[in-house]
K.L.:
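Pasting a structure below so you can have a look.
Here is the naming used below: chain letters follow the sequence lines, and residue numbers restart at 1 for every chain.
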There are 2 protein chains.
Amino acid sequence: MIDLLARQSCCLSAQEISERLGESGRSVGLASVYRALELLHELALVQRVDLGDGNTRYEPIQPGGEHHHHAVCDRCGRVTAFEDRSLETALERLAGRLHHSISAHEVVIHGNCERCSERA
Amino acid sequence: MIDLLARQSCCLSAQEISERLGESGRSVGLASVYRALELLHELALVQRVDLGDGNTRYEPIQPGGEHHHHAVCDRCGRVTAFEDRSLETALERLAGRLHHSISAHEVVIHGNCERCSERA
DNA sequence: GCGGTAGTGAGATCGATTCTCAAATAATGG
DNA sequence: CCATTATTTGAGAATCGATCTCACTACCGC
Ligand SMILES: [Mn+2]
Ligand SMILES: [Mn+2]
Ligand SMILES: [Zn+2]
Ligand SMILES: [Zn+2]
């Protein structure tokens, strides 16, 4: 499972992880998936991603710190990843000013994806 | 209920809204609270806030556009609101570059609040 | 093999949200 | 006013992701 997650470029739900493992032969129960994810999260190897539909997703944390954020289409649900250096810079600067330690941050953008923007 | 929400400076869960309305005499069922919130959200009067504990919160959208974001203490759960102009600027600039319309954005910071940072 | 320990997952449980529907309330028209 | 129709409410059922339980399995050292 570790490897399956590591191979992902973007986030997956626990359900999806369990299904994919099943498809590829190595079936793993949902309970075990959640257990593993919790552990990986504590070890800072996996980050939780909450996009506001009722499903928590998980994605690997890159050792180098590179990461992206997500734009969600409120019409079709499609999730688009994006990176933005100046956004990250703003967040880094904010860290100093804030009376709050920062172990993670998450930026979620809502709107319509390219495809859904076209058709009225 | 509109007025109760409007009076809030920060987000409340549906549960909290129902409770507070009950305390102040005008009891309103949970179903009705959710109904009203959905409507207010469609009218762009209320914004959903998802902080990653299983509770969706809601807060009024200021007509002027002023708004804040949230830092969550992963130890005690306390929610701290913060504003940051340069973060907003970065998000505004991003809007142009992104192949995705933006109707809302949400920034959530995880870490430890001031109090929890002090005690080891 | 055998007892002990850690890991697994099917199914029970929980809790937030959504759905249903009968009752309450409001609006309409004579 | 009163009867009729339309709208709103909210208690409780249903849903569904996440978590918990616990019998069962796998593994380990002897
Ligand atoms: Mn970032
Ligand atoms: Mn903002
Ligand atoms: Zn779309
Ligand atoms: Zn705290």
K.L.:
Among the candidates D/dG10, C/dT18, C/dG9, find the nucleotide nearest to the side-chain atoms of B/V28.
P.N.:
D/dG10
K.L.:
Quick check on C/dT18: is either OP1 or OP2 less than 4.0 Å from any side-chain nitrogen or oxygen of B/Y34?
P.N.:
no
K.L.:
Quick check on DNA chain C: between B/S13 and A/G29, whose nearest nucleotide comes earlier from the 5' end?
P.N.:
A/G29
K.L.:
A/E16 has an atom CD; how far is it from atom C1' of D/dA18, in whole Å?
P.N.:
15 Å
K.L.:
Is the shortest side-chain N/O distance from A/T56 to OP1 or OP2 of D/dG17 below 4.0 Å?
P.N.:
no
K.L.:
So if I take every side-chain heavy atom of B/R35 and compare against D/dA18, D/dT9, C/dA16, which nucleotide ends up nearest?
P.N.:
D/dT9
K.L.:
Rounding to an integer number of Å, can you tell me how far B/R48 CZ sits from C/dA16 P?
P.N.:
17 Å
K.L.:
Grab the CG-P distance between A/L39 and C/dA6 for me, whole Å please.
P.N.:
15 Å
K.L.:
Out of D/dG17, C/dG9, C/dC19, which nucleotide sits closest to the side chain of A/Q15?
P.N.:
D/dG17
K.L.:
Given that A/E38 and B/S32 both sit by DNA chain D, which one's nearest nucleotide is further toward the 5' end?
P.N.:
B/S32
K.L.:
Tell me the interatomic distance from B/D53, atom CG, to C/dC14, atom C1', rounded to whole angstroms.
P.N.:
15 Å
K.L.:
Grab the NE2-C1' distance between B/H41 and C/dT18 for me, whole Å please.
P.N.:
16 Å
K.L.:
Kindly point out which of D/dA18, C/dT17, D/dC20 is positioned nearest to the side chain of A/A31?
P.N.:
D/dC20
K.L.:
For the residue pair B/F82 and B/H69, does the interplanar ring angle fall in the parallel (under 30°), tilted (30 to 60°) or perpendicular (over 60°) class?
P.N.:
tilted
K.L.:
Under 3.5 Å, is there a donor on one side chain and an acceptor on the other for B/H70 and B/E106?
P.N.:
no
K.L.:
Rounded off to whole Å, could you give me the CD1-to-P distance for the A/I17 and C/dT8 pair?
P.N.:
15 Å
K.L.:
Using whole Å, what does the distance between atom C1' of nucleotide D/dT21 and atom CG of A/L30 come to?
P.N.:
16 Å
K.L.:
Which part of the nucleic acid, if any, lies within contact of A/S27, taking any heavy atom under 4.0 Å across all strands shown: a base, the sugar-phosphate backbone alone, or nothing?
P.N.:
sugar-phosphate
K.L.:
Let me know the distance between CG of A/N55 and P of C/dG15, rounded to the nearest Å.
P.N.:
20 Å
K.L.:
Measure from the side-chain N and O atoms of A/S101 to the backbone N and O of B/N112, and report whether any donor-acceptor pair falls under 3.5 Å.
P.N.:
yes
K.L.:
Quick one: are B/H67 and B/I61 in side-chain contact, heavy atoms under 4.5 Å?
P.N.:
no
K.L.:
Give the cluster check for B/L94 versus A/L91: same hydrophobic cluster or not, with ILVMFWY residues linked at side-chain heavy-atom distances below 4.5 Å.
P.N.:
yes
